[in-house]
Amino acid sequence: MNVYSDHQLSLPHSVVSIGAFDGLHLGHQTLINKAASRAKTLGVPSVVYTFNPPPRSFFQQTQVLTSVEEKVELIKRLGIDYVVVADFNKEYASREAIAFVHELQALSPKEVWVGPNFQFGKGKQGTTEFLSHYFHVNLHPLVRCQQGKIISSTRIRLLLQKNQIEHARKLLAHPQMTP
Ligand SMILES: Cc1cc2nc3c(=O)[nH]c(=O)nc-3n(C[C@H](O)[C@H](O)[C@H](O)COP(=O)(O)O)c2cc1C
Ligand SMILES: Nc1ncnc2c1ncn2[C@@H]1O[C@H](COP(=O)(O)OP(=O)(O)OP(=O)(O)O)[C@@H](O)[C@H]1O
């Protein structure tokens, strides 16, 4: 698997999944696995486009669940061909949504896979609906835990704060943590 910074990678075709993916929890893994399986079916490379630090930690100083090294390692284990890790800083966050679209166009995605709550661009102005004007966007349903609650990095952070480590681990479902 090859790792790139933003604006470095250009591909003739691909399937791309996008997100902060902090923690690379079971919901993230399911989304990325789906995108990877679509890439195989279409015979094109799979790309994960992510951000460092996670935007929520940049703006709200939230706890970071996985270092960028851990996140890249976990993505590698999912059998992804390329990872783009964008430096998320003040300059990057102030880019318009259309600038992000132009960057994605360099990857020539046949399909883009995100969750229904994905937003991007300055002030979160870019919606999945906006993205779908430019790409074939597939919205993966939000993965839930056994009790039916949506799995999210925010929920895992809260569990860790409450010292519910085992529960958090179950939702993270990292390969080395499952028996
Ligand atoms: C070009 C670009 C600019 C962004 N600017 C902002 C911003 O101004 N404020 C903000 O809260 N998030 C911003 N984000 C982060 C997104 O809101 C979002 O957190 C990110 O795309 C990851 O999606 P996810 O949280 O669904 O994983 C930006 C993202 C991109 C790609
Ligand atoms: N439970 C889930 N099932 C499927 N996809 C998800 C799930 N949670 C997030 N996603 C998708 O994965 C990508 C990364 O999302 P993100 O990093 O914002 O996750 P999150 O867990 O919702 O984080 P946070 O709680 O910090 O907002 C986005 O495209 C998002 O829509």
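Numbering of ligands and ligand atoms starts at 1, following listing order. In this text, all values refer to a predicted model and were calculated from it rather than measured experimentally.
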Heavy atom of protein closer than 4.0 angstrom to atom 15 (O) of ligand 2:
yes

Starting from [atom], which protein heavy atom do you reach first, and at what distance in Å?
atom: atom 18 (O) of ligand 2; result: A20 CB, 4.8 Å
atom: atom 1 (N) of ligand 2; result: I151 O, 2.9 Å
atom: atom 10 (C) of ligand 1; result: F59 CE1, 3.2 Å
atom: atom 6 (C) of ligand 1; result: G121 O, 3.3 Å
atom: atom 19 (O) of ligand 2; result: H28 NE2, 2.8 Å
atom: atom 26 (O) of ligand 1; result: F118 CD1, 3.5 Å
atom: atom 3 (N) of ligand 2; result: V143 N, 2.8 Å
atom: atom 24 (P) of ligand 2; result: T154 OG1, 3.4 Å
atom: atom 17 (O) of ligand 1; result: K124 CG, 3.2 Å
atom: atom 25 (O) of ligand 1; result: A20 CB, 4.2 Å
atom: atom 23 (O) of ligand 2; result: S153 OG, 3.3 Å
atom: atom 7 (C) of ligand 2; result: L142 CD2, 3.5 Å
atom: atom 22 (C) of ligand 1; result: F51 CE1, 3.5 Å

Looking only at non-hydrogen atoms, which of F51, F118, F21 approaches atom 13 (C) of ligand 2 most closely?
F21

Quick test of your reading of the structure: of P54, A93, A86, G123, whose heavy atom lies closest to atom 5 (N) of ligand 1?
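Closest candidate by heavy-atom distance is A93.
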
Does Q147, at its CD atom, have more than 12 non-hydrogen atoms belonging to other residues, nucleotides or ligands within less than 6.0 Å?
yes

Determine the minimum heavy-atom distance between [X] and [Y], stating which atoms define it.
X: R38; Y: W113; value: CG-CZ2, 3.6 Å
X: L160; Y: I165; value: CD2-CD1, 4.0 Å
X: H28; Y: S153; value: CE1-OG, 3.5 Å
X: A93; Y: F88; value: CB-CZ, 3.6 Å

[X] N/O to ligand 1 N/O under 3.5 Å:
X: Q119; result: yes
X: F120; result: no
X: F21; result: no

Which is it for R144 and ligand 2 at heavy atoms under 4.0 Å: side chain, backbone, both or neither?
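Neither part.
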
Test of understanding: given a 4.0 Å heavy-atom threshold, classify the contact between H25 and ligand 2 as side chain, backbone, both, or neither.
side chain

Tell me whether the centres of the aromatic rings in F100 and Y49 are closer together than 6.0 Å.
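Yes, the ring centres sit under 6.0 Å apart.
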
With a 4.0 Å cut-off on heavy atoms, is F58 in contact with ligand 1?
no

Are any of the heavy atoms in R157 under 4.0 Å away from ligand 2?
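Under 4.0 Å: yes for R157.
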
Consider ligand 2: state whether an atom of it lies below 4.0 angstrom from any non-hydrogen atom of G23.
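In this structure, G23 fails to qualify as a contact of ligand 2 - no heavy atom is under 4.0 Å.
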
Number the atoms of ligand 2 from 1 as they appear, then name those within less than 4.0 Å of a heavy atom of [X], with their elements.
X: G19; result: 13 (C), 14 (C)
X: P141; result: 3 (N), 4 (C)
X: I18; result: 13 (C), 28 (C), 29 (O)
X: N117; result: 30 (C), 31 (O)
X: L31; result: 11 (C), 12 (O), 13 (C), 29 (O)
X: R56; result: 24 (P), 26 (O), 27 (O)

Under 4.0 Å from a heavy atom of G19: give me the atoms of ligand 1 that qualify, with their elements.
27 (O)

Using a strict 4.0 Å cut-off to heavy atoms of P55, name the atoms of ligand 1 that fall inside it.
15 (C), 19 (O), 20 (C)

Going hydrophobic residue to hydrophobic residue with side-chain gaps under 4.5 angstrom, can you get from [X] over to [Y]?
X: V72; Y: Y4; answer: no
X: L42; Y: V16; answer: no
X: L139; Y: V48; answer: no
X: V44; Y: I80; answer: yes

State plainly whether the residues E166 and K170 are in salt-bridge range, i.e. N to O under 4.0 Å.
no

Salt-bridge contact K71-D22 (side-chain N to carboxylate O under 4.0 Å)
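Not counted as a salt bridge, because no side-chain N and carboxylate O are separated by less than 4.0 Å.
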
Heteroatom distance test (G115, ligand 2): nitrogen or oxygen, under 3.5 angstrom
yes

If you measure every N or O of I150 against every N or O of ligand 2, does any of those distances drop under 3.5 Å?
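No - when backbone and side-chain N and O of I150 are compared with those of ligand 2, no distance drops under 3.5 Å.
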
Regarding S46 and D81, is there a side-chain donor-to-acceptor distance under 3.5 Å anywhere?
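The criterion, which ignores hydrogens and geometry beyond distance, is satisfied for D81 and S46.
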
Hey, mind stepping through H174 and T66 against side chain to side chain contact (heavy atoms under 4.5 Å, CB included) and telling me if it holds?
CA-CA 11 Å; H174 290 170; T66 39; 4.1 Å; yes

Does the plane of the ring in F130 sit parallel, tilted or perpendicular to the ring in H133? Use 30° and 60° as the thresholds.
perpendicular

